[in-house]
Number of protein chains: 2
Amino acid sequence: MRICVVGCGAVGSLFAAHLAQLDEVEAWAYDPDQAHVDAINEGGLRISGVSDLHARVRATADADRIPACDYGVVATKSMHTDAAIAATARAFAGAAVCSVQNGIGNEEALAAHCPRVIRGTTFPAGHVVEPGHVEQDTGGRTWIGPFEPKPASMDEVRALADLLTRGGTETLAMEDARGAQWTKLIFNAATNPIGALTGLPHGVACDQPPVRELITGLVDEGKAVATALGVELDSDPDELVDHAREVAYDHKASMLQDVLAERATEIDFLNGGIARFGEQAGVPTPLNRAVWALVKGLEHRTRGAAPPGNPPRQANEEVAKR
Amino acid sequence: MRICVVGCGAVGSLFAAHLAQLDEVEAWAYDPDQAHVDAINEGGLRISGVSDLHARVRATADADRIPACDYGVVATKSMHTDAAIAATARAFAGAAVCSVQNGIGNEEALAAHCPRVIRGTTFPAGHVVEPGHVEQDTGGRTWIGPFEPKPASMDEVRALADLLTRGGTETLAMEDARGAQWTKLIFNAATNPIGALTGLPHGVACDQPPVRELITGLVDEGKAVATALGVELDSDPDELVDHAREVAYDHKASMLQDVLAERATEIDFLNGGIARFGEQAGVPTPLNRAVWALVKGLEHRTRGAAPPGNPPRQANEEVAKR
């Protein structure tokens, strides 16, 4: 059983290292960071923190060196999905490819290049300490299910969930994984841009009544879009916001970290995704559009990017067919 | 004729220096900046740039030293109006007091302390070069009219407009100056927080289509509130946005300058004011509330202020009586 993780940053490394615990799995990792790739090949992939693993993973920065795989697990930042899967798709011609990324719209990009796609949402997170070494900051489950417009079979989904769970990262196979995905999407879209735009840690932002009210406004729009799409949420994202205030008061949203580091953000796949699917479903999302626009402006300042247009639309067509 | 300018920063200095050009006016200035006060008293108040003046103005940082006046002209930042007029009101017991400030809600604060109030809006702007010296960056008109709930007479308004115009700063006396005030309010509320939140100069922000769309959304809410209040705008604020893009492409909004300098902003009197009057009039203003909340969050980060509550409400009661 050969599985290649595409995008071996913090989350990708967690998946690669857990899968590599199984004798029956030959774990590969594709990542453009040559220093990280070299360190993994020379000394193995090390995970510390919530997990403590030292894994044998075959890493490469050259997509042409990935052999034909049974599964792909895509863990790039959302804005890199399209380029990464275009480069690696040849290895997945006979594979089922699973996204474990943030936001909405990634599976649509995978489906443009791969025969069978698995929708996924994951909670474990971490950060790269140094090449070859990732610290796992949080645990949690992963939910996966067939991506409806171009689905992998439930047997394939269950087999991957079984491998991941036995490798040590609990994964649930579901007929419809959209509920888990939209729950996390709405939570992320209501909290990440708030951190990016105000610079406040999550708990401090929640303690400002006008900001907390805006968070609820963003959540409510996301819920309305999910309802219109027939997606039943796993849990109330607004309660997750309060829960995160309790357990991660000082947490700086990853999008704030991106802005401070002058990196591109995943805003197009969070609030931009909600706005896009909302437009599709006829549900107004003025607040999500507003924070999407503001973060696009902020990105333009930090990165001097080309003027952004409307939210990317490629995802819409697939969904419209449902 | 004795006139005291309250808050002798850039805008206040322009008014004081122009009024002091007239032989019949004894111009006073109240400002907490002792160095500025001393420089004005020792060497006069100098204006360069669009105007070129050297004026004899009596300045003081001690409110108790202001003699009884015929007029007050209030030019503090909006968040300082209440404290400034509370300190100086004794000098205006027989006076008409005119706001030439940004935003909405200042006249309401003046009316709590002064017998007769004049509503005002001014376009000239500048910056303090050094104590005693202000550079005038832009010219333009000033509009003044009786503040409806506690009005100065039209005769008083006309007399002040005449003094200002003869002093060299063109001022129009109007029965209803709300149109000019709301036009500038809506323009400021649609552009200042955009600059503060994205860090982009005005023209660059306008060139990002999602940001420009948000600006129009903010303008449209402001227009709806104005309409509900029976205020007829002077001109279309959305066209002013485009005009400003032409003439001030690289301009950094004053609110962005405030945020960068970690100063308090006037957000409560701009978007907070529109949200407050909108609530009063039953007009939803979700976008203005959203950017108000985000700037309040940003202020909390830069200034570590106490958690803000709802938009200040003291202004509502007066308006409700109309």
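So that the names make sense, note that chain A is the first sequence line, chain B the second, and so on, each numbered from 1.
Interface with chain A: from residues 234-247 of chain B, no residue qualifies, criterion being any non-hydrogen pair under 4.5 Å. Listed in order of number, the residues of residues 182-190 of chain A that approach chain B to under 4.5 Å between heavy atoms amount to none. Residues of residues 198-205 of chain B that come closer than 4.5 Å to chain A, counting heavy atoms only, are B:Thr198, B:Gly199, B:Leu200, B:Val204, ordered by residue number.
Looking only at side-chain heavy atoms (C-beta outward), A:Leu294 and B:Leu294 come within less than 4.5 Å of each other.
Among residues two or more places apart in sequence or in another chain, the salt bridge (charged side-chain N to carboxylate O under 4.0 Å, His left out) test is passed with B:Lys252 by none.
Counting all heavy atoms, side chain and backbone alike, A:Leu287 lies closest to B:Pro286 at CD2-O, 3.6 Å. Among all heavy-atom pairs drawn from A:Pro210 and B:Ala293, the shortest one is O-CB, 3.3 Å.
Interatomic distance, CZ of B:Arg301 versus CG of A:Leu197, reported as 10.5 Å (0.5 Å rounding).
Interface residue A:Leu214: only side-chain heavy atoms are found under 4.5 Å from chain B.
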